[in-house]
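Keep in mind that the numbers below use all heavy atoms, side chains included, and drop hydrogens, waters and symmetry copies.
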Amino acid sequence: MTGPARNGALVYSDNFQELSMFYREFFGMKVLREAEEFVSLDNDGFNVVVHAAPFKLPEDGFNAVKLFLTVNSLDVAKRKAAELGGQVFEGEWENSMFKVCNIADPDGNQIQIREFL
């Protein structure tokens with residue numbers, strides 16, 4: 001795989017190094033990248049990013065596992081999510097490769113959507 005994954009899952013953890021070891025050992029995942037706050041793993045093109053939790057888990061209204069999926073346009077995707085009964089959260093973030101934001105499906109499961117630049 002070259003560059004960031006287009007689809008996969010974020011798994012937040014209070015001990016992301018230990019949890020990433022579980023995914024490596026149990027599922028035979030390979031480390032793609034390690035950083036101060038996350039470990040990116042891959043198995044047959046499926047990406048799991050084990051990430052330090054932004055606060056102590058569990059937290060009300062926060063999912064420890066969050067899908068990330070690529071869309072052609074964040075603006076179009078946010079409108080469609082709202083039309084289909086989902087929720088759109090405030091804020092967008094950007095790096096040199098893509099910009100992201102968070103939505104939730106009608107059951108409240110959070111999803112990060114990515115628009116590659």
Distance, nearest 0.5 Å, that separates OG1 of T70 from CG of N7: 5.0 Å
Nearest atoms (heavy-atom pairs only) where C101 meets G91: CB-O, 3.4 Å
Point-to-point distance, once rounded to the nearest 0.5 Å, from CG of N43 to NZ of K30: 7.0 Å
M29 side, atom CE; S40 side, atom OG - distance, nearest 0.5 Å: 8.5 Å
Hphob cluster co-occupancy, V65 + M21, side-chain heavy atoms under 4.5 angstrom: no
Counterpart residues, salt bridge (charged side-chain N to carboxylate O under 4.0 Å, His left out), relative to D14 (two or more places apart): K56
Where F46 and G8 come nearest, the two heavy atoms and their spacing: CE1-CA, 3.9 Å
Partners passing side-chain hydrogen bond (donor to acceptor under 3.5 Å, both in side chains) against Q112 (at least two apart in sequence or in another chain): R114
Residue pair L41 / S20: nearest heavy atoms and the distance that separates them: CD1-O, 3.8 Å
Results of side-chain contact (heavy atoms from CB on, under 4.5 Å) for N72 - residues two or more places apart only: none
Residue pair F22 / V50, side-chain heavy-atom distance below 4.5 Å: no
Atom pair CZ/OG of R79 and S73 - distance to nearest 0.5 Å: 6.5 Å
Heavy-atom check, side chain of Y23 versus side chain of V39, under 4.5 Å: no
Residues which pass salt bridge (charged side-chain N to carboxylate O under 4.0 Å, His left out) with K78, listed by chain and number, not counting sequence neighbours: E92
Residues forming a side-chain hydrogen bond (donor to acceptor under 3.5 Å, both in side chains) with S13, sequence neighbours excluded: none
Nonpolar side-chain network containing M97, other nodes, edges under 4.5 Å: W93, F98, V100, F116
Qualifying residues under side-chain contact (heavy atoms from CB on, under 4.5 Å), relative to A52, sequence neighbours excluded: F16, E37
For V71, all residues meeting side-chain contact (heavy atoms from CB on, under 4.5 Å), sequence neighbours excluded: L74, A77, I113
Remaining members of the apolar cluster that contains V76, side-chain heavy atoms under 4.5 Å: none
Smallest separation among heavy atoms of L117 and N95, with atom names: CD1-O, 3.4 Å
Distance in Å, I111 CD1 paired with L10 CG, rounded so as to fall on 0.5 Å steps: 11.5 Å
Sequence-distant partners of Q87, side-chain contact (heavy atoms from CB on, under 4.5 Å), two or more places apart: F89, A104
Residues, nucleotides or ligands: over 12 heavy atoms within 6.0 Å of F26 CZ: no
Residues forming a side-chain hydrogen bond (donor to acceptor under 3.5 Å, both in side chains) with R24, sequence neighbours excluded: none
Hydrophobic cluster of L84, others only, ordered by chain and residue number, side-chain cut-off 4.5 Å: none
